[in-house]
Amino acid sequence: MGDGPLPYTRAPMTHETDPTIRVRFAPSPTGFLHVGGTRTALFNWLFARHHGATFVLRIEDTDRDRTREEWVDGIQATLRWLGLDWDEGPYRQGDRLGRYLDAAEQLVASGAAYESWLTEAELDAERQTAKTDGGVPRFHERAMEIGPGLPSDDRSRSIWFRTPTSGTAEFDDVVRGHVAAPWDTIADFMIVRSSGDAVFYLANAVDDADMGITHVIRGEDLLDSTHRVLAIRAALGHPGAPVYAHLPLLVGHDRAKLSKRHGAVAVEDFRDAGYLPEALVNYLSLLGFPAPAEGSEVRPVTEVVTDFDLGRVNHSPAFFDHDKLDWMNGEYLRALPVSELVARAGCWCRSATARGDAAAASVDVDAPEFAALLGVAQKRLVTLAEVPGFVAFLFCDESSFRIADDSWDVVVATERVTDVIEAVIVHVETCAWTVEAISLQPVIAALGLKPRTVMSALYAVVEGRHSGLPLFDAMHALGRDRTLGRLRSARARLG
RNA sequence: GCCCCCAUCGUCCAGCGGCCUAGGACACCGCCCUUUCAAGGCGGCGACGGGGGUUCGAAUCCCCUUGGGGGUGCCA
């Protein structure tokens, strides 16, 4: 294909509702769904919902060795947890091998592809030669020397697509604009493995055509592969092509493509760490897509759907910033009605218990005190995972209650601490048992002290750590007897 | 090596030739509020990688350069 009119150019896309639009998210089930893939899924979903289009889920499991059913299930569960519902699928490429093989044979018959019995060592040698010559590997000639026909030794057959040796590979990308590369820089590539399985390029081309995909929205790491997929599609005789939109990559601290080695990137890890799905979705929607000029970055996904426009997607890679995600999660936690927060936190604690989290296991999420404490814990939470730490002082029997060492140090270092504790004991013995009546400011003032100089010690004595939930709420939840017990035992420990 | 993509505060975005002495958010720092810690309020620090053009005028357009990333796999 030479110069001239762009073979894959499409009309500008519409932003009106169009039910004929079909997009797909096509993850490879070789691991947990991670945040990069999730951002791709999200943008496909946003685009689909914005246009009233169909969102297809397709599992690209052409690599049998690395595919595991638990990943296939896990990816779907994670998408559901995030609220990214799909309209069709999941289709499995593993179920469609026959289609790919038929297509491959068609390509061989037409001369667009060729069969090869070359060994990996021979392929490597060809690549080395090509590199030395400053060119790109073409295996056809060598392949013909060995084949066609079944050789006598233990060679096995693979099928290769023969790329053009001149002309320009090109297409128009909604976010990148016109993308072009000389064909003589693109090597022949395998479309059917010696195992008989289809390779990504082939399966991708066939499926997008068969499934009537109109818009392909995916990561920029797939940008170069587009030329190959489009070439297969053209050679197969499929008219037209989808509109392509390549999203900027998500990167880690080193600006390299986000991956496992950058730490927790699996969405399930974020769920287990106490992040809310709506916060994660909201945060991800900010990476590569602008927030409204006026108004908040924190907004319901329905608003993002209304706003969404592929043409406004950014071009440059985005750093996945855990700090900003933390802030976002806190925003969502604070915005929750307390009853909802109690439900979510309770749910999180129960699932944490199943994972063997002792701190979460000790929390009685049905206790009325739990709900009362969450009301004051709410604006202090960054994640649900911090809940057990805040309420642990309440859900332990007195014999196992412990004051953290560094917090006891604070107690010991506090000015006139025994006077303070004794005065507080006297007050607690007799005051009315309401949060307001427990208030200790008058007690401390009566000693001629400023609250801020002694409060930390009291937090430590009652809650086990010198910084925690508001003390009077904590004491109220604990009850008069347990509170007195802790105050007296601290007094005794001080000697 | 070759091909492709990208380039505004530390980070994520705004800016699409004059409204820019470059705006917002996160982070950071300070102050206020305050029973600790938070939350909240107020303020501060902080960027157009470099060089050429084009233009009356460039963060915005073009070229080069530098830097970063991606691809080049019997991974997708």
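In what follows, chains carry the letters A, B, and so on, assigned in the order in which the sequence lines appear, proteins first and then strands, with residues in each chain numbered from 1.
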Would you kindly check if the NZ (Lys) or CZ (Arg) of A:R334 is within the cone defined by 45 degrees around the ring axis of A:Y332 and under 6.0 Å from the six-membered ring centre?
no
Hey, does the side-chain of A:R255 have a donor or acceptor N/O within less than 3.5 Å of a partner on the base of B:rU11?
no
Please report, rounded to the nearest Å, how far the P atom of B:rC28 is from the CH2 atom of A:W327.
13 Å
Please determine if a side-chain N or O atom of A:R218 lies less than 4.0 Å away from the OP1 or OP2 oxygen of B:rG70.
no
When rounded to whole Å, the CG to P distance for the pair A:N329 and B:rA38 reads 18 Å
May I ask you to say what A:A377 touches in the nucleic acid, namely base, sugar-phosphate or nothing, with a heavy-atom cut-off under 4.0 Å?
nothing
For A:K379 and B:rC37, is the shortest distance between a side-chain N/O and OP1 or OP2 below 4.0 Å?
no
Can you tell me if A:T62 touches the phosphate of B:rA76, counting only side-chain N or O atoms and a distance under 4.0 Å to OP1 or OP2?
yes
Which pairs, with at least one residue in residues 436-474 of chain A and sequence neighbours excluded, count as a ring-ring contact (aromatic ring centres under 6.0 Å, His included)?
none
Starting from C1' on B:rC12, measure out to CZ on A:F319 and report it in whole angstrom.
10 Å
Under 4.0 Å, heavy atoms only, any strand: does A:A291 hit a base, just the sugar-phosphate, or nothing?
sugar-phosphate
Shortest non-hydrogen separation from A:W160 to A:S116 and the atoms involved:
CD1-CB, 3.7 Å
Think A:R127 has a side-chain N or O under 4.0 angstrom from the OP1 or OP2 of B:rC74?
yes
Roughly, in whole Å, what's the span from NE2 in A:H227 to C1' in B:rG70?
13 Å
Is any N or O donor-acceptor pair between the side chain of A:D221 and the base of B:rG71 shorter than 3.5 Å?
no
Which residue in the set A:R58, A:R99, A:R24 passes salt bridge (Lys or Arg N to Asp or Glu O under 4.0 Å) when paired with A:D210?
A:R99
Counting any heavy atom closer than 4.0 Å, what does A:A293 reach on the DNA or RNA strands: base, sugar-phosphate only, or nothing?
nothing
Can A:F319 and A:H253 be said to form a ring pair (Phe, Tyr, Trp, His ring centres under 6.0 Å), step by step?
CA-CA 7 Å; A:F319 172 74; A:H253 307 281; 5.3 Å; yes
What integer distance in Å separates A:K324:NZ from B:rA25:P?
9 Å
d(NE2, A:H262; P, B:rG69) in whole Å:
10 Å
Would you indicate what A:S158 reaches in the nucleic acid, counting non-hydrogen atoms under 4.0 angstrom: base, sugar-phosphate, or nothing?
nothing
Taken to the nearest whole Å, CG/A:L223 to P/B:rG68 is 20 Å
With a 4.0 Å cutoff (strictly under), does any side-chain N or O of A:Y459 reach OP1 or OP2 of B:rA38?
no
Distance test, side-chain N/O of A:N314 to OP1/OP2 of B:rA14, below 4.0 Å:
yes
Would you kindly check if the NZ (Lys) or CZ (Arg) of A:R465 is within the cone defined by 45 degrees around the ring axis of A:F393 and under 6.0 Å from the six-membered ring centre?
no
B:rA38, OP1 or OP2 - any side-chain N/O from A:R334 closer than 4.0 Å?
no
Nearest-Å distance for atom pair CZ/P, residues A:R380 and B:rC37
10 Å
Check every strand shown and say whether A:R228 touches a base, only sugar-phosphate, or nothing at a heavy-atom separation below 4.0 Å.
sugar-phosphate
